[in-house]
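Predicted, not measured: the structure shown is a model, and the values here were computed from it.
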Amino acid sequence: MTDPRPAEPLPAISEVATDALVAWFAARGEPAYRARQVVAGVSAGRASSFDELTDLPLRLRAALGAAYRFSTIGDSHVIGTDQSLTEKAVHELADGQRIESVFMRYPGHGASAPRTTICISSQAGCAVGCPFCATGQGGFGRHLSAAEIVDQVLWWRRARADRLDPEHHLNVVFMGMGEPLHNADPVFESVRLLNDPGRVGIGARHLTVSTSGVVPAMDRMADELPQVNLAISLHAAHDELRDELVPINRKWPIEAVLGAGQRFAARTRRRVSLEYVMIDGINDAPLEAERLADLAHGWLCHVNLIPLNPTPAAPWRGTPREGIERFADILRRGGVATTVRDTRGRSIEAACGQLHAQLTKRALGTRAASPELVMVEG
């Protein structure tokens, strides 16, 4: 009789500990360096399957394919804009869940070096429920494993290997779908895997974890990942408004969230980013700027002002550019370091969570809108 239960997926090679892989090879009479060859080959982004790890004998490549998955990511749909400087992908996972990631290149100007930022997801969907966010409007699917997080970076390294100059700075930001600190264990493990010099080797200071304010995990991050950047999605400067815009505020209000941010900055000496989406007529009045300046003044932080990317389910629009600049001037006069972020991908129909929605709508035979893509670098 056939077992009706689906087979469990094979372990993902991107999260297998090197020691475990050494033991796997040892059981087959192979030296330890084989494990390092596999880890390096998978992480480098030059191979797209075990068959392409040509420094291994064919029999070992076949054995690896029978024991491990080369990647947790299946079919991917990519759209691009800004002369291909910004590209966004929706990836399908083994169980049919879809997640999103973004690849952004910055050519560099003058003394500014070229760099690339990859924005990745930590969950399929999100349970926080911010009403202006397309991911939150779509609801929560599940947590991602460490491998599913890391494999987004590896996918782009393979897909865009021709555009990744070894001399360019590579940044990874956990600002895609999901609340990273609701999924802290896999997120922290993925940070360690991405940072591992024997694997992807991204410097800790080029990794940024964003949160809407999961206070206990913020304190844990200060202890366990002190060299990694922290970004707080604040979006309001008083609790009554933030309760509506960022519902997690009802559990951890602004005082608690910024207290954790201040502890992080004091322990790590790393500057914390306060992310603030500018919503016309909602959180962009001069009084809100003065309140935000009071909250941000006197500790190691800076404010990123982000034009809202409209979503079909929300009635709001972004603050006009001149309004954002006025808001920024108030912050700067209050002694707060402030950056106004430009949108990327004005011709793309995809903000965080929206490309997934667009593909779903197309599958149902409906026409989708074309909002801007806004990605933020912490």
Enquirer: Once you round to the nearest 0.5 Å, how far does OG of Ser145 lie from CG of Asn183?
Expert: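 Output value for this atom pair is 9.0 Å.
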Enquirer: For Arg250, give me all partners under side-chain hydrogen bond (donor to acceptor under 3.5 Å, both in side chains), at least two apart in sequence or on another chain.
Expert: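 Arg250: no side-chain hydrogen bond (donor to acceptor under 3.5 Å, both in side chains) contacts found.
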Enquirer: Donor-acceptor pairs under 3.5 Å, side chain of residues 9-23 to any protein atom, not counting sequence neighbours: which ones?
Expert:
{"unit_1": "Ser14", "atom_1": "OG", "unit_2": "Asp151", "atom_2": "OD1", "d": "2.8"}
{"unit_1": "Glu15", "atom_1": "OE1", "unit_2": "Ala147", "atom_2": "N", "d": "3.1"}
{"unit_1": "Thr18", "atom_1": "OG1", "unit_2": "Arg199", "atom_2": "NH2", "d": "3.3"}

Enquirer: When you check the gap from the basic side-chain N to the acidic O, do Glu322 and Arg326 get nearer than 4.0 Å?
Expert: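 No, no charged N to carboxylate O under 4.0 Å.
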Enquirer: Hey, could you give me the CG/CG distance between Leu58 and Asp51, rounded to the nearest 0.5 Å?
Expert: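 Between Leu58 CG and Asp51 CG, I get 8.0 Å after rounding to 0.5 Å.
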Enquirer: Which residues pass the side-chain contact (heavy atoms from CB on, under 4.5 Å) test with Glu92, sequence neighbours left out?
Expert: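 For Glu92, the residues satisfying side-chain contact (heavy atoms from CB on, under 4.5 Å) (neighbours in sequence not counted) are Arg98.
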Enquirer: Closer than 4.0 angstrom, basic N to acidic O: yes or no for Arg192 and Glu224?
Expert: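 Salt bridge: yes.
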Enquirer: Any chance you could measure Asp196, atom CG, to Ile202, atom CD1, to the nearest 0.5 Å?
Expert: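 With rounding to 0.5 Å, CG (Asp196) is 11.5 Å from CD1 (Ile202).
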Enquirer: Quick one: closest heavy-atom pair of Leu144 and Glu148, and the distance?
Expert: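 Scanning both residues completely, I find the closest heavy atoms to be CA-OE1, 3.3 Å.
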Enquirer: Looking at Arg263 and Asp223, is any side-chain nitrogen of the basic one under 4.0 Å from a carboxylate oxygen of the acidic one?
Expert: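 Between Arg263 and Asp223 there is no salt bridge, as every charged N stays at least 4.0 Å from the carboxylate O atoms.
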Enquirer: Would you mind listing every ring-ring contact (aromatic ring centres under 6.0 Å, His included) that reaches into residues 137-164, with sequence neighbours excluded?
Expert: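 Matches after skipping sequence neighbours: His91-Trp155, Phe103-Trp156, Phe140-His143.
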Enquirer: Test Tyr68 against Phe50 for ring pair (Phe, Tyr, Trp, His ring centres under 6.0 Å), laying out the working first.
Expert: CA-CA 9 Å; Tyr68 300 106; Phe50 290 121; 7.2 Å; no
Enquirer: Is there any side-chain hydrogen bond (donor to acceptor under 3.5 Å, both in side chains) pair reaching into residues 286-298, and which pairs are they, with sequence neighbours excluded?
Expert: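 Counting only pairs at least two positions apart or across chains, the side-chain hydrogen bond (donor to acceptor under 3.5 Å, both in side chains) contacts touching residues 286-298 are His238-Arg291, Glu288-Arg291.
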Enquirer: Restricting to side-chain contact (heavy atoms from CB on, under 4.5 Å), what partner residues turn up for Pro226, sequence neighbours left out?
Expert: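 If we apply the side-chain contact (heavy atoms from CB on, under 4.5 Å) test to Pro226, skipping adjacent residues, the hits are Thr268.
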